[in-house]
Amino acid sequence: MPELPEVEVCARYLLPLLRGKAIRAIEVRREKVLKPTPPARFKKNLLGAKFLNLERRGKYFLFELRRKNSREKFYLLGHLGMTGKMFLAPKQAPLPKHAAVILDLGANRFIYEDARCFGRLTLDVSAVERLGPEPWDKKFTPEIFHQQLKKSRQPAKVRLLDQSLIAGVGNIYASEALFRAGISPRLVAGKITRPGTTRLLAAIRGVMTEAIDCGSTIPLNFSGGRKSGGLFYFGRAAEALDYYGERLCVYGRAGQPCVKCGATIRRIVQAARSTFFCPCCQNA
DNA sequence: CACCATGTTCCTTG
DNA sequence: CCAAGGAACATGGT
């Protein structure tokens, strides 16, 4: 479930477990996820390196490492794509079916698993350079947001998915933020009013913050994992949906009554992706 | 079998 | 050159 909040929650979980740990061995089962870094270079660079820090930028992880006998830091970029998971597990635990990369850290293994392999674990960090500001960036004011939106004739929902406009908004939270702001997903981005833009930015920040807070309260563990054996927070387990699904006002709720006005939530397709909204609350 | 899925990149079109 | 649209990527769940 990787949009900005899920990546943030995962980063907070991973950091204390990774910090100070050295990579003793590396197994790459799906070379595709390293792209464009060649597997040989990936291994050569990472083997023996130690994790110093982990930051999140948009939906990306930036792992900071340093090689043995070197003062020079370097970065590893991670992205979960649609189905990626990154977690630590005891060395004796069975590996998940779709383990793509396994890093031996001693007692534990860092496991990146990804059924669809849309994610990445790579030395090519260039993707973050193309990202727009973080939602909470003080310099990203409603005025600047409005200026950017004005240039576009795309529907508001589609515009929000552009990571170069604002980093981290994905298909779920785009619908949720527009609902909270009372803006129709079909409204042309350039026609969003100045007050609407202020509401939208506040709504994006609000839904993201609440999702992070919610995710942080979920007990992360491996033992409860069933088939995947991973963190149930990232899986399809009923518990995850209890925590996660019930917080969403419109996403995945087509045909159900709006929590605010009772009108029927609709599903439409925009840019080949589902959008959910309340036709009554989001008329602007 | 049909359809759906949390994302990004690349190619084409206008 | 730029904005926008759509396909591709690979697999699993319902």
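Proteins get letters first, then strands, A, B, ... in listed order; numbering begins at 1 in each. These numbers come from the heavy atoms of this one structure, side chains and all, not from hydrogens, waters or symmetry mates.
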If you check the [X] side chain, which of [options] turns out closest?
{"X": "S152(A)", "options": "dT6(B), dG12(C), dA4(C)", "value": "dA4(C)"}
{"X": "A127(A)", "options": "dT6(B), dT9(B), dA10(C)", "value": "dT9(B)"}
{"X": "R267(A)", "options": "dT6(B), dC4(B), dA4(C)", "value": "dC4(B)"}
{"X": "E3(A)", "options": "dT6(B), dG12(C), dA10(C)", "value": "dT6(B)"}
{"X": "S274(A)", "options": "dA5(B), dG12(C), dT11(C)", "value": "dA5(B)"}

Check your understanding: So among R109(A), K91(A), R24(A), which one has a salt bridge (Lys or Arg N to Asp or Glu O under 4.0 Å) with D104(A)?
Key ->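 Of R109(A), K91(A), R24(A), salt bridge (Lys or Arg N to Asp or Glu O under 4.0 Å) with D104(A) is met by K91(A) alone.
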**Study point:** Presence of R120(A) side-chain N/O under 4.0 Å of dG7(B) phosphate oxygens OP1/OP2
**Key:**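 The answer is no; no side-chain N or O of R120(A) sits under 4.0 Å from OP1 or OP2.
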Check your understanding: Of all of residues 32-43 of chain A, which get a heavy atom below 4.0 angstrom from DNA chain C, listed by number?
Key ->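 Residues of residues 32-43 of chain A under 4.0 Å from DNA chain C: K32(A).
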Point to revise | K260(A) to F179(A) six-membered ring, cation-pi geometry met (6.0 Å, 45°) | key: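 Yes.
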Point to revise | cation_pi(R266(A), F276(A)) dist<6.0 Å, angle<=45 | key: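 Verdict for F276(A): no cation-pi partner in R266(A).
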Point to revise | Base paired to dA10(C) (Watson-Crick or G-U; both N/O distances under 3.5 angstrom) | key: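 In the structure as shown, dA10(C) has no Watson-Crick or wobble partner.
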Review point. Considering only the P atoms, how many Å lie between dA7(C) and dC3(B), rounded to the nearest integer?
Key: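 Those two atoms are separated by 15 Å.
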